[in-house]
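Each remark here refers to the structure printed beneath this line.
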Amino acid sequence: MSSPANPASNKPATPAKATAPEAAKTSNFLRQIIEADLEKGTYAQRQWAGSPGDAAHHAAGPRDIAKIRTRFPPEPNGYLHIGHAKSICINFGLARDYGGVCHLRFDDTNPEKEDIEYVNSIIDAIKWLGFDWNGNKDAEPYQASDYFGFMYRAAEYLIEAGHAYVDEQTVEQIRINRGDFNKPGVDSPFRQRTPAQNLARLREMRDGQHEDGAMVLRAKIAMDSPNINLRDPAIYRIRRATHHNTGDTWCIYPMYTFAHPIEDALEQITHSLCTLEFEDQRPFYDWLLDRLCETAKLPDGRVAGGLLATPHPRQYEFARLNLTYVITSKRKLAQLVYDHKVSGWDDPRMPTIVGLRRRGYTPESLQLFAERIGVTKSDSWIDYSTLEGCLRETLDGSAPRAMAVLDPIKLSIENWDELMASHESGGHSAAGFLDACSAPVHPHLPELGRRNFKIGKEVWIDRSDYEETPPKGFFRLFPPSTDANGEAVPGSKVRLKYGHVIECLGAIKNEAGHVISIRTKVIPDTKSGTPGSDAVKVRGVITWVAVADGIPAEVRLYDRLFLEAQPDAGGKDFIEGLNPNSLKVIQAIVEPSLANAKADDKFQFERHGYFVADRVDHVQGTKPVFNLAVGLKDSWGK
Ligand code: ATP
Ligand code: MG
């Protein structure tokens with residue numbers, strides 16, 4: 001992290017503007033919980049001192065103007081993925097909708113795994129998705145490691161109040177003595193030590209007098225609890241590791257289950273939303289915060305406690321996102337990167353936010369996706385097509401249109417020069433006579449203007465638009481033939497979209513018998529947009545780009561990264577399920593308006609799908625590179 005966030009430097013929070021939840025937003029159990037809390041005023045009396053802190057700190061602050069506080073607490077050990085996008089939209093979205101504040105907190109209590117590269121990428125991803133945090137546009141994110149001091153103090157207090165002890169059993173003994181679902185745990189021989197003995201031991205741990213792993217601090221709850229998470233969970237361990245924020249200040253680090261509730265409470269979080277796998281941890285979450293909020297009479301007669309402000313945060317669990325054909329585990333995604341199965345975290349096939357962005361996904365499309373999949377309390381799988389549908393929907397209304405020929409074959413119009421010379425506007429060139437054509441940038445947004453391009457005696461069309469022996473229902477190009485009765489059947493007539501109607505005369509083949517170009521003639525007076533142009537009826541319309549002004553472009557056709565719908569289900573080796581054909585790089589010809597395309601610009605290539613100018617490799621005007629974002633819903637122009 002560039003500069004360690006100093007909580008005290010955070011300016012007082014201004015809550016996101018309170019907007020009433022839009023009618024379009026479907027209610028869900030989290031909204032109901034929040035609405036009920038607002039109605040009851042559960043958190044109405046809370047104070048907020050402008051920065052995270054203990055009970056005394058907040059007691060000195062004013063009433064919190066944020067109606068609720070949520071948080072998004074990533075561990076900076078990888079790039080965020082589509083599952084995190086769901087969590088971000090939930091946490092930031094609820095805060096926004098209910099006049100609250102969402103905190104961004106780096107959960108960096110594990111000293112070994114964090115990296116500044118991940119920290120920066122997480123910040124970028126959240127901003128790109130359209131959110132800011134901590135109630136202030138320029139606020140530093142919070143970081144859990146800033147709370148190590150308080151966590152240690154809480155640990156000493158728990159010992160003094162008789163709620164924690166230092167256990168010197170081996171890891172193996174602790175595991176065995178924990179019992180299992182059928183067998184209650186067995187008390188540690190160290191469980192009955194006095195607070196004074198435990199305190200001395202903890203301080204020795206802190207001062208580096210014991211080896212890593214020699215002992216742990218455990219909460220003292222109940223070894224026979226039906227919930228195994230309550231059988232005296234470990235809360236502090238010895239770990240000699242340099243932390244990116246606190247350096248070598250500590251050689252003991254809190255366990256996640258101990259740290260997380262405390263982080264929430266110091267930040268005055270009201271609703272701590274997490275995924276279902278933490279449900280079993282909720283009793284400990286409440287136990288710990290109850291102990292740290294209450295005041296207690298210590299064995300030595302002193303009254304102490306009240307460390308954290310009340311009412312303390314509550315944890316609620318929602319279903320994590322499972323998306324078919326997609327892996328949402330940072331560890332497994334890292335493996336794809338390090339094993340070079342993909343080009344990097346931002347490979348357009350990756351479900352990371354940087355990958356999705358490079359693929360052409362927009363913040364709106366991911367927000368729509370989060371809204372559409374909703375929030376539930378039971379795990380399920382969302383079909384990948386739901387995600388693609390959201391992208392298609394958001395791009396359809398805005399993406400400029402363009403023509404592109406992905407598998408080019410030349411088509412020549414043999415009577416072009418003789419017929420056109422007498423007729424229409426345009427101009428002569430080395431390529432012969434060129435006629436000017438135009439098309440709307442977007443069919444429903446006339447204000448975006450028109451695109452201009454030329455048509456001449458040679459154009460590129462897609463190879464699949466010609467069939468020597470057309471299957472039934474094929475209305476594009478096919479040559480003249482003779483039918484079963486020996487009658488001559490003329491070649492098909494099709495319209496070159498935004499251009500003229502042509503009639504197919506046949507094809508030229510090479511020695512191997514492969515079609516290398518298509519022969520046609522133009523039908524006079526059929527140019528789109530001129531009077532009487534639709535007198536000749538055609539059933540097929542094809543897209544094209546003139547040889548004279550088409551631009552060569554690299555196009556990357558992406559497909560699903562995995563062939564299996566649940567690539568890592570049941571401990572499967574997900575590497576085996578990789579789709580060997582998930583990337584196909586082709587040389588296409590695109591219309592001249594795309595010379596102006598800038599990186600990240602999105603287009604609908606007519607009949608083909610939505611494409612984005614690659615944000616890494618595309619160079620405007622000189623090296624066009626387009627990625628397939630998502631295909632069109634309907635196959636077009638059959
Ligand atoms: P991973 O398993 O990929 O490493 P994580 O849960 O360990 O993910 P964190 O950085 O701890 O990653 O997650 C930050 C937040 O994102 C947590 O609140 C977590 O619950 C949430 N989150 C992670 N994955 C998903 C998912 N698939 N669906 C919804 N929320 C998720
Ligand atoms: Mg995690």
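Remember, it's 1-based here, ligands and their atoms both numbered in the order they're listed. Predicted model only: the values in this text are computed from it and were never measured.
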What about Arg71: any of its N or O atoms under 3.5 Å from an N or O on ligand 1?
no
So, is His81 polar-close to ligand 1, with some N/O to N/O distance under 3.5 Å?
yes
Distance under 6.0 Å and angle within 45° of the ring axis: does Arg239 meet both against Tyr253?
no
Between Asp347 and Arg349, is there a side-chain N and carboxylate O pair less than 4.0 Å apart?
yes
Salt bridge flag under 4.0 Å for residues Arg314 and Asp286
yes
Could you list the atoms of ligand 1 found under 4.0 angstrom from a heavy atom of [X]?
X	answer
Arg320	24 (N), 26 (C), 27 (N), 28 (N), 29 (C)
Thr275	20 (O), 29 (C), 30 (N), 31 (C)
Leu321	26 (C), 27 (N), 28 (N), 29 (C)
Ser329	3 (O)

Are the aromatic ring centres of Phe278 and His260 under 6.0 angstrom apart?
no
Within the 6.0 Å centroid threshold, strictly below: Phe284 and Phe258
no
Shortest non-hydrogen pair, Arg240 vs Cys251, comes out as CG-CB, 4.0 Å
Of Gly83, Gly78, Pro73, which has the heavy atom at the shortest distance from atom 30 (N) of ligand 1?
Gly83
With atom 8 (O) of ligand 1 as the reference point, say which of His84, Glu75, Arg331 has the nearest heavy atom.
His84
Which of these passes side-chain hydrogen bond (donor to acceptor under 3.5 Å, both in side chains) with Arg69: His271, Gln268, His103, Glu267?
His103
Yes or no: does Phe278 have any heavy atom under 4.0 Å from an atom of ligand 1?
no
